[in-house]
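All of these numbers come straight from a predicted model, not from anything done at the bench.
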Amino acid sequence: MKALHLRVSIALLGALPVPINAQAEQHAPDRTQAARAAIHPVSGAGEMQSWLARVPRTVDYPPDFEAALTGQGSAFVIEMSTAPGCLPCGDLWTKLLALKTRYGLTVRPIGREEAMLRSGRLGLPWIGHPVAWLRPVSDEARILPIAIGTDHAANLARNIYLGIKMQTGVRAAVGVRAMAKFTGIVASGAGQKGEKRR
């Protein structure tokens with residue numbers, strides 16, 4: 001009789017719901033799944049604008065924002081990956097050129113292979129185009145991603161400011177926390193066979 005009670009008890013225990021923390025562990029996405037969830041491939045202007053509409057726009061800037069970009073912008077170069085027919089690339093390029101005109105920044109394209117190498121060095125998944133990087137004019141090794149996918153011009157300006165601050169001595173953790181939310185709005189071919197993931 002005791003054996004029967006023991007079997008029934010074990011069967012009932014097996015039927016109980018799994019604790020919440022154990023459920024979370026079972027369903028937690030791995031790093032690749034998380035990276036893919038943050039990528040929003042777009043193939044048309046409407047789709048791109050729809051994703052951009054969900055992205056919060058920076059409205060508050062630090063007091064030294066204009067002075068930092070105008071005074072130090074020429075010491076830095078922004079390089080971005082691009083591809084023919086890439087709609088978000090054209091959008092990001094247009095916004096960066098407007099910021100170039102306003103703050104005296106240098107902006108230029110880089111190739112896909114260089115972009116992939118940079119992503120790999122920093123442990124970022126290669127998600128496709130566009131990716132924008134900031135570095136000092138005099139140092140090709142000190143690169144920071146400032147945009148992964150296109151973004152609002154206000155957010156790009158904020159990220160350029162934070163990148164300059166990080167490159168000139170502000171504690172990296174402060175800048176990284178503030179710049180951690182990239183949109184991931186990229187060209188629709190990003191997840192296809194032609195684009196490797198790292």
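Leu52 forms part of a hydrophobic cluster together with Val42, Met48, Trp51, Val55, Leu87, Ile185, judged by ILVMFWY side-chain heavy-atom separations under 4.5 Å.
Heavy-atom minimum distance, Pro41 versus Ser188: CB-CA, 3.7 Å. Heavy atoms only, all atoms of each residue included: Met80 and Cys89 are closest at CE-O, 3.5 Å. When all heavy atoms of Ala132 and Leu92 are compared, the pair lying nearest together is CB-CD2, 4.1 Å. Summarising the geometry of Leu105 relative to Lys100, their closest heavy-atom pair is O-CG, 2.9 Å, with the distance given to 0.1 Å.
A search for salt bridge (Lys or Arg N to Asp or Glu O under 4.0 Å) contacts involving Glu114 returns Arg118, not counting sequence neighbours. Every residue was checked against the salt bridge (Lys or Arg N to Asp or Glu O under 4.0 Å) condition with Arg54, not counting sequence neighbours, and none meets it. Qualifying ring-ring contact (aromatic ring centres under 6.0 Å, His included) partners for Trp133, counting only residues two or more places apart in sequence or in other chains: none.
How far CG of Leu96 is from CZ of Arg108: 13.5 Å, rounded to the nearest 0.5 Å. Distance CG/Leu144 to CD1/Ile164: 10.5 Å, rounded to 0.5 Å. For the atom pair Arg158 CZ and Ile146 CD1, the distance stands at 10.5 Å (nearest 0.5 Å). Put simply, CD1 on Ile110 and CE on Met116 are 12.0 Å apart, with the number rounded to the nearest 0.5 Å.
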For this session: Give the C-alpha distance, both sets of side-chain angles, the deciding distance and a yes or no for side chain to side chain contact (heavy atoms under 4.5 Å, CB included) between Ile78 and Ile160.
Result: CA-CA 9 Å; Ile78 297 168; Ile160 293 167; 3.5 Å; yes
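Of the possible polar contacts, one joining the Ser119 side chain to the Ala115 backbone as a donor-acceptor pair under 3.5 Å is found. Side chain of Gln167 to backbone of Gly163: no donor-acceptor contact under 3.5 angstrom is found. Although no hydrogens or angles enter the test, the distance criterion places no donor-acceptor pair under 3.5 Å between the side chain of Ser81 and the main chain of Arg112. Here the side chain of Arg121 pairs no donor or acceptor atom with the backbone of Gly123 at under 3.5 angstrom.
Sorted by first then second residue, the disulfide (SG to SG under 2.5 Å) pairs that include residues 92-127, not counting sequence neighbours, number zero. Annotation: ring pair (Phe, Tyr, Trp, His ring centres under 6.0 Å) contacts involving residues 63-118, sequence neighbours excluded, comprise Tyr61-Phe65, Phe65-Tyr161.
A donor-acceptor contact closer than 3.5 angstrom links the side chains of Asn155 and Thr58. Looking at Thr82 and His129, their side chains never bring a donor and an acceptor atom within 3.5 Å of each other.
Neither Leu117 nor Val77 shares a network with the other; the hydrophobic side chains, linked directly or stepwise wherever heavy atoms of I, L, V, M, F, W or Y lie under 4.5 Å apart, form separate groups for each.
Put simply, the side chain of His152 does not reach to within 4.5 Å of the side chain of Leu156, judged on heavy atoms.
In summary, Lys165 and Asp64 engage in a salt bridge, as defined by a charged side-chain N under 4.0 Å from a carboxylate O. A salt bridge is defined here as a Lys NZ or Arg NE, NH1 or NH2 lying under 4.0 Å from an Asp or Glu carboxylate O, and Lys95 with Asp91 meets this definition.
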